[in-house]
There are 2 protein chains.
Amino acid sequence: MALVVQKYGGTSVGTADRIKNVAKRIIKTYEAGNDVIVVVSAMSGETNKLVALANEMSEIPDGREYDVVVATGEQVTIGLLAMHLKSLGYKAKSYQGWQVPIITDSVASKARIESIDDKNIRAALKDGAIVIVAGFQGIDAAGNVTTLGRGGSDTSAVAIAAALTADVCEIYTDVDGVYTTDPNICKEARKVEKISYDEMLELASLGAKVLQIRSVEFAKKYNVDVHVRSSLNENTGTMVTREDKEMEGILVSGVAYDKNEAKIAVMGVPDKPGIAAKILTPLSDAAISVDMIVQNVSQAGLTDFTFTVTKADLKQALLITNEVAKTIQAKEVLSDENISKVSIVGLGMRSHAGVATQMFVALAANGINIQMVSTSEIKISVVVDEKYTELAVRVLHDTFGLKG
Amino acid sequence: MALVVQKYGGTSVGTADRIKNVAKRIIKTYEAGNDVIVVVSAMSGETNKLVALANEMSEIPDGREYDVVVATGEQVTIGLLAMHLKSLGYKAKSYQGWQVPIITDSVASKARIESIDDKNIRAALKDGAIVIVAGFQGIDAAGNVTTLGRGGSDTSAVAIAAALTADVCEIYTDVDGVYTTDPNICKEARKVEKISYDEMLELASLGAKVLQIRSVEFAKKYNVDVHVRSSLNENTGTMVTREDKEMEGILVSGVAYDKNEAKIAVMGVPDKPGIAAKILTPLSDAAISVDMIVQNVSQAGLTDFTFTVTKADLKQALLITNEVAKTIQAKEVLSDENISKVSIVGLGMRSHAGVATQMFVALAANGINIQMVSTSEIKISVVVDEKYTELAVRVLHDTFGLKG
């Protein structure tokens, strides 16, 4: 007998019939002799509807009250699922965040889980009940309802699995698992059986949308095995787990891309200390996140400073950067929206020096020019012209032997 | 400076714009120097939508989980109203039932309020905040969410007013107050300025839908002045309050009617002790409420036993009564759906013997036959043919001098 945590997202519980399907899967796991804790999201579309209502009431809705409103989505789902399980003759009990309780900090709409009291859940499990917990929500020390941000139900599930030392945390979604790249643009993409927390973190931040980044951080911190799998079939999915020797043998485990960034280049800046800070500080003051940053070697005392922001932030970022450019006597500010970031991720590249070279050679051989490069210990990202995105992904997928 | 409790129903908060209108009224009261506690219902239509979802999940939804689902309606309204007040620069804070807390018994969907802890609300008021409380909901001793039944927000408001010894409890609705009778069928109906708890209780149970009965019981028990008024204008409404000398001088304060009952007559029953119990016990076992009961004087050892049930219960009640009729050797069972109950209510009739006579004479003079009669200390109800309902109401309204 194992303790299984299952998380079902908004699409899996989007209608009364889908909730009934989810119930079947839960019952199967329970009937196999397992203790089962289920974490659910709001029915798909509900959270957007609640957010729209909030935006009608206030231009910038108050954080505490916003969380009171949006937390109702998950509350509806837990009640519906629990009553259906009961109508089929099973013991089931729903828990809102405050009823567990799941204690978070007080940052409204982006709260972080601080601790989970396992007493109530353990008692219900001991009583033979299937435990249904509302994802995405918690309660702060002052008794306010908080929410964890979009995708927060993943984090709820992993945190509960950690607090109750569950044997496995299953994240049900509408894909079969984590793929070597997006199957929509590369037919040869292959489901990965096992991937390390660090690789998953890089893939999640590079544009793969399978898991919320924070849920992976949590899984890594508490060593929770996360099984990402489909709610539409019985296939084994991908296990996100701690790294092992086998994983290190694989040079590259995945190729990710992100078309959502734009590039800003400040050209001909007099190369003095403090230039980067002068350019970036006003951007962070305006809550604009900068992703890749490249500063070229200076020639004749002048340098070019290039960085990327999300396309949504481009307009505001350009306004700010143009202001700064005047004060630091830069020659001009250029921008380009037609770019794409393509990345390779793999534990193996830590111990293999030639991976970057191999990547650049392959791209060059296919006529793809590299505009910017950024690396970490286990990933290499390049910025290319947006029109080459799909080609670059396929070339790299092939180059690093990822096809099935 | 007074402490004012205001309750707004589902229609008053049915859209974003209506919530903004309610906010204006709240601000006016607050700016006048009052402490304000607001109790709100779910946006109109929301509760029905949630009930429909629950019914899709289970034929007889589990009570605990049903309450988890339907309580979300009020939770959405408190968050929206509080964030709007904050966006206008006012301190406001929302409270769910469990956050107050409002402690109830554990009867799901029909819970009764047992106690209200005033500590949190008082602290918020002292802090200068407008306090927004979700109506209709509470929490039981075991930490389960409970709801109070349809119209329960009235009771929430009165109970909070009692717990905090508020100066007044204002119930905002879509009518101007309590009328001497239904203005839709009697043009001369007049708004009552003041009415006693007992009269209001009789009127509420006799078909007037202005206030939930339990809220009036609560108001009576704790001596809370309840001001029933319109959210659409500034008119003074009706004060429901303890009785005074002035009220006793008024013979009849209102005429009510109820077209929702049907009559069942068990004819030719051998008149032995225990007949009434034999007929009524199987009905109460089937959770069918019997309203009026009349047993005629027996003739030649036989008697007729007549009672009323709601039209919705008639079919099932007839099946049961026909079974019983056989075992007690009754001659036959008759039923009639085309009836109506018309009632007069007034504290003054306690000390005036002739009120019933006056009522019967007036009805007879207009050719209206009386089928059944039932009385309490402060009300007289008669059953008449349904087609005479409007006429009977107008005749009685006129007879007892209720027009303006």
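Naming convention: chains lettered A, B, ... in sequence-line order (proteins, then strands); numbering from 1 in each chain. What you are looking at is a predicted structure, and each value in this text was computed from that prediction instead of being measured.
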Quiz item: Out of A23(B), S87(B), A71(B), G73(B), which one racks up the most heavy-atom pairs below 4.5 Å with chain A?
Solution: S87(B)
Quiz item: Measuring heavy-atom distances to chain B, does N144(A) have an atom under 4.5 Å in its side chain, in its backbone, in both, or in neither?
Solution: both
Quiz item: What part of Y66(A) gets closer than 4.5 Å to chain B, counting heavy atoms only: side chain, backbone, both or neither?
Solution: both
Quiz item: Got a second to check how far K24(B)'s NZ is from H84(B)'s NE2, nearest 0.5 Å?
Solution: 7.5 Å
Practice problem: Indicate the ring-plane relationship of W98(B) and W98(A), choosing parallel, tilted or perpendicular according to the 30° and 60° boundaries. | Solution: parallel
Practice problem: Side chain from CB out, backbone as N, CA, C, O: work out which of these in I78(A) comes under 4.5 Å of a heavy atom of chain B, or both, or neither. | Solution: both
Quiz item: Side chains of T11(A) and S44(A): donor-acceptor distance under 3.5 Å anywhere?
Solution: no
Self-check item: K49(A)/E46(A) ion pair, N-O < 4.0 Å
Solution: yes
Self-check item: Under 3.5 Å side-chain donor-acceptor pair for E170(B) and Q6(B)
Solution: yes
Self-check item: Heavy-atom proximity to chain B below 4.5 Å, by part of A92(A)
Solution: backbone
Self-check item: Heavy-atom pair with the smallest gap, counting every atom of P101(B) and I139(B)
Solution: CB-CG2, 4.0 Å
Quiz item: If you count heavy-atom pairs under 4.5 Å with chain B, which of T72(A), N120(A), I19(A) comes out on top?
Solution: T72(A)
Quiz item: So which heavy atom on A157(B) is nearest to which on I171(B), and how close?
Solution: CB-CD1, 4.2 Å
Quiz item: Which one of Q99(A), M83(A), Q96(A), K93(A) has the most heavy-atom pairs closer than 4.5 Å to chain B?
Solution: M83(A)
Quiz item: For V70(A), is it the side chain, the backbone, both or neither that has a heavy atom under 4.5 Å from a heavy atom of chain B?
Solution: neither
Quiz prompt | Residue selection (most heavy-atom pairs with chain B, distance under 4.5 Å) from V76(A), V145(A), I132(A), L81(A) | solution = V76(A)
